[in-house]
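Presented below is the structure to which this report refers.
Naming: A, B, ... by sequence-line order, numbering from 1 per chain.
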Amino acid sequence: MVRKNLAQWFIRITDYAEELLTDLDQLDGWPERVRDMQRNWIGRSTGAQVRFPLVGRDDALEIYTTRPDTLMGVTYMAVAAGHPLAREQAQYKPELAAFLEECASISTKEADMAQMEKKGMPLGLEVIHPITGQHIPVWVANFVLMGYGTGAVMSVPAHDERDYDFARSYGLPIRQVIQPLDANHDLAQAAWTGDGVLINSGEFDGLDAQTAKKRITAWLQQHGAGEEKVNYRLRDWLVSRQRYWGTPIPVIHCQACGVVPVAEEDLPVVLPESLQPTGGASPLACCEAFINTTCPQCGQPAKREADTFDTFMESSWYMNRYTCNHYDAAMLDAEAMQRWAPVDQYIGGVEHAVLHLLYARFYHKLMRDAGLFDAKSVGDEPFVRLMTQGMVLKNGAKMSKSKGNTVDPRQIIDRYGADTARLFTLFAAPPEKDLEWNDEGVEGAWRFAGRVWRLTARADEAVHGENNDEDCRRMRRLIHQAIGRVTHAFEHGFAFNVAIAALMELSNHLQGFAAEGEQGHAVLREGLDVLLRMLAPFVPHLACECAERAGLHDMIILAPWPEVDEQALESDTIELVVQINGKKRGSISVAPDVTRDQAMARAQATPAIARWLEKAIIVKTILVPGRLLNIVVKPQ
RNA sequence: GCCAGGAUGGCGGAAUUGGUAGACGCAAGGGACUUAAAAUCCCUUGGGCUUUAUGCCCGUGCGGGUUCGACCCCCGCUCCUGGUACCA
């Protein structure tokens, strides 16, 4: 493999870095994890850009640091292998040239970089410290990245781990300028990267590090040696792809006029349909019919751009086009956007947490600023809520076609039907969690479906007796409690597994309920109706069939979601747990609005509880209404 | 390394966000029905102890703490997963 320099297209997402960062705060419908990932990805840092004049020359070495407070501790400078100064010196020094070559061929992958040995070489140049005027040697080092800041750093071994390791390897001086807050810290063992008070720093001695940052930056600014600087890790978005099947980048290269955009009325640029890729350069470059065109400005022969766009380009905005897919006057219909956008709920995998979801946010702001929709009504963000669903694992690895470890739900569907397959999948785990695939539970889902079906048959059973009022009230209470629980589960984090559990419970209760009289049958039918309506989103076919058979609904999916009858929830008595010093010792049956004293009297009248109170002094009692009574005692 | 999330029975997972830990299901064991099997139904199922009771002790990764009360909050660890940047 060879690394080549290519002329490619970028989109200046860095201009939106600040807004992309600050707007994350308003995305409270997003998981904090994803917002954190984006914050780290944008990687804003505040520091100082400082110029160190080169000894014996007119130019200066410019560096970026987040620790201007340690400026007085600089003992050497380090530049990246790709830095102009390193390249310049390599012209005269073959050894240096060889080292740069070596650096160029190493991997830039972070995992490899982390394990890489820190290597470097002196450039043979020196710079002048802007405050002390001391001469400081300049090194080239493999751990300095050309792509971040200025590609050069000031090295303060006493207060930076990398600089420390490097200084140790090459015997460079270590100069302490901060007194660590931790008195036990031994600088002979490791760098101190925390806060502290400045020492060995002349006029800045005695300042704490935070204050020193500002004061030293101000000093540099006054003396024209540097200024405060905000840096972002985020880089511009490389959108060029050397592929055939992508959106053509609508640009024309003209000998006379340079780079010219395709005229708006000529958009979109359409791909040639028949093309045999030959390998090598961008496939489109070889397609004469596509590539050759005329310049929109001067009319002379010109060539189209042969690269196509990154697919993130489309995934960043396609959902908006759904609001107005027949609209041909522009990319988007502002009116339709006002009605539909932004997206209420986005569901996707975490693997898109930074790239796709960051690009889409950026694109939204771009379209907003291009006036494609009304910013006030649509807002500044494309996705109001985000749910990141977990991955399905097989033997601990992410299921994927390339790994060949996929499981086709088809087998389950063929054997048990789509309803059972869906029920089983949703019941297995909460949606945001990764799940190790295991189909052992599918039988359980199948059995549940069968129980519901058989329960339905009971709706037509003959009346042959009477029901106890209290049993009916209890059953109705359970029915309406179930509505509350299932609704809650739907509304809080799509806890479908919990919703299904509650439905199974309701089904079990109905199964155990003996409907003998008219009243009992009415309650059974109510419970069945509620069960089927809430089950319908999970098992539409089964629910529909059951409801029809029981004569409840012709089309249950059209029936409204059931509502809790607050009255049904009421009960004459409740079980109140009684604790002694926080440990459960029994329970008492009391009215829901029981007072503390009443509950206390009741507890004392219960032998199993009273036993604990005999040889003790009651210190205090706490009543948690509807839940428990805690009696705090101490021995006599 | 750093950032985030997590650790609950044999297993997947619940716990109304500080109030009965283990819902619901799987697996396992026992029983009913059956000539038999399947299907179905019922019972048991965190560990231990005993006097078998509305019994006691222990128990939510480990060690402390706050609280009448902690899976939940605080401090200090261990391990796992994801993200990542040697970013100066």
Mind calculating the distance between [atom1] ([X]) and [atom2] ([N]) to the nearest angstrom?
{"X": "A:M154", "N": "B:A88", "atom1": "CE", "atom2": "P", "result": "12 Å"}
{"X": "A:E505", "N": "B:G22", "atom1": "CD", "atom2": "C1'", "result": "13 Å"}
{"X": "A:F538", "N": "B:G25", "atom1": "CZ", "atom2": "C1'", "result": "15 Å"}
{"X": "A:L426", "N": "B:C26", "atom1": "CG", "atom2": "P", "result": "17 Å"}
{"X": "A:E432", "N": "B:G82", "atom1": "CD", "atom2": "P", "result": "17 Å"}

task = Could you run through nucleotides 5-18 of chain B and give me one letter per nucleotide, 5' to 3': B if any protein heavy atom sits under 4.0 Å from the base, S if only the sugar-phosphate is that close, - if neither?
result = -------BSS-B--
task = Determine the interplanar angle of the A:F490 and A:F538 rings, folded into 0 to 90°, and report it as parallel if under 30°, tilted if 30 to 60°, perpendicular if over 60°.
result = tilted
key: Secondary structure string for RNA chain B (Watson-Crick or G-U under 3.5 angstrom, | for other-strand pairs)   = (((((((..(((......[....))).(((((.......))))).((((.....))))..(((((..]....))))))))))))....
Identify whether any heavy atom of [X] sits under 4.0 Å from a base atom; if not, whether one sits that close to sugar-phosphate; answer base, sugar-phosphate or nothing.
{"X": "A:S45", "value": "sugar-phosphate"}
{"X": "A:V144", "value": "base"}
{"X": "A:G149", "value": "nothing"}
{"X": "A:N508", "value": "sugar-phosphate"}
{"X": "A:R39", "value": "nothing"}

Phosphate OP1/OP2 of [N]: any [X] side-chain N/O under 4.0 Å:
{"X": "A:Y148", "N": "B:A85", "value": "no"}
{"X": "A:R235", "N": "B:C87", "value": "no"}
{"X": "A:R447", "N": "B:C26", "value": "yes"}
{"X": "A:K583", "N": "B:C58", "value": "yes"}
{"X": "A:R162", "N": "B:C87", "value": "yes"}

query = Got a sec, which residues hit ring-ring contact (aromatic ring centres under 6.0 Å, His included) with A:W446, two or more places apart in sequence or on another chain?
reply = A:Y416
Atom pairs under 3.5 Å: protein N/O with N/O of nucleotides 47-49 of chain B:
none

For nucleotides 42-46 of chain B, give me every protein contact, N/O to N/O, under 3.5 Å, one pair per line with atom names.
none

remark   = With syn meaning chi within 90° of zero and anything else anti, the base of B:U84 is anti
Go through the structure and list residues passing side chain to side chain donor-acceptor pair (under 3.5 Å) with [X], not counting sequence neighbours.
{"X": "A:D419", "result": "A:R422, A:H541"}
{"X": "A:E432", "result": "none"}
{"X": "A:T595", "result": "A:Q598"}

inquiry  = To the nearest 0.5 Å, what is the distance between NZ on A:K214 and CD on A:E228?
reply    = 9.5 Å
request  = Nearest 0.5 Å please: distance from the CG atom of A:L478 over to the CD atom of A:E505.
outcome  = 9.0 Å
message = Tell me every residue that passes salt bridge (Lys or Arg N to Asp or Glu O under 4.0 Å) with A:R162, counting only those two or more places apart in sequence or in another chain.
response = A:D160
inquiry  = When the P atoms of B:C73 and B:G25 are compared, how many Å lie between them, rounded to an integer?
reply    = 29 Å
Tabulate protein N/O versus nucleotide N/O from nucleotides 50-56 of chain B, keeping only pairs under 3.5 Å, one per line.
| residue | atom | partner | partner atom | Å |
| --- | --- | --- | --- | --- |
| B:C56 | OP1 | A:R585 | NH1 | 3.1 |

request  = For A:E32, enumerate each residue passing the side chain to side chain contact (heavy atoms under 4.5 Å, CB included) test, keeping only those at least two apart in sequence or located in another chain.
outcome  = A:R35, A:D36, A:R39
task = Could you please spell out the steps behind the ring-ring contact (aromatic ring centres under 6.0 Å, His included) verdict for A:Y346 and A:W30?
result = CA-CA 9 Å; A:Y346 186 113; A:W30 281 40; 7.8 Å; no
Check nucleotides 66-69 of chain B against the protein and report each pair of N or O atoms closer than 3.5 Å, with its distance, or say if there are none.
| residue | atom | partner | partner atom | Å |
| --- | --- | --- | --- | --- |
| B:C68 | O2' | A:N630 | ND2 | 3.4 |
| B:C68 | O2 | A:N630 | ND2 | 2.4 |

query = On a plain distance test, is the side chain of A:R67 in donor-acceptor contact with the base of B:A88 below 3.5 Å?
reply = no
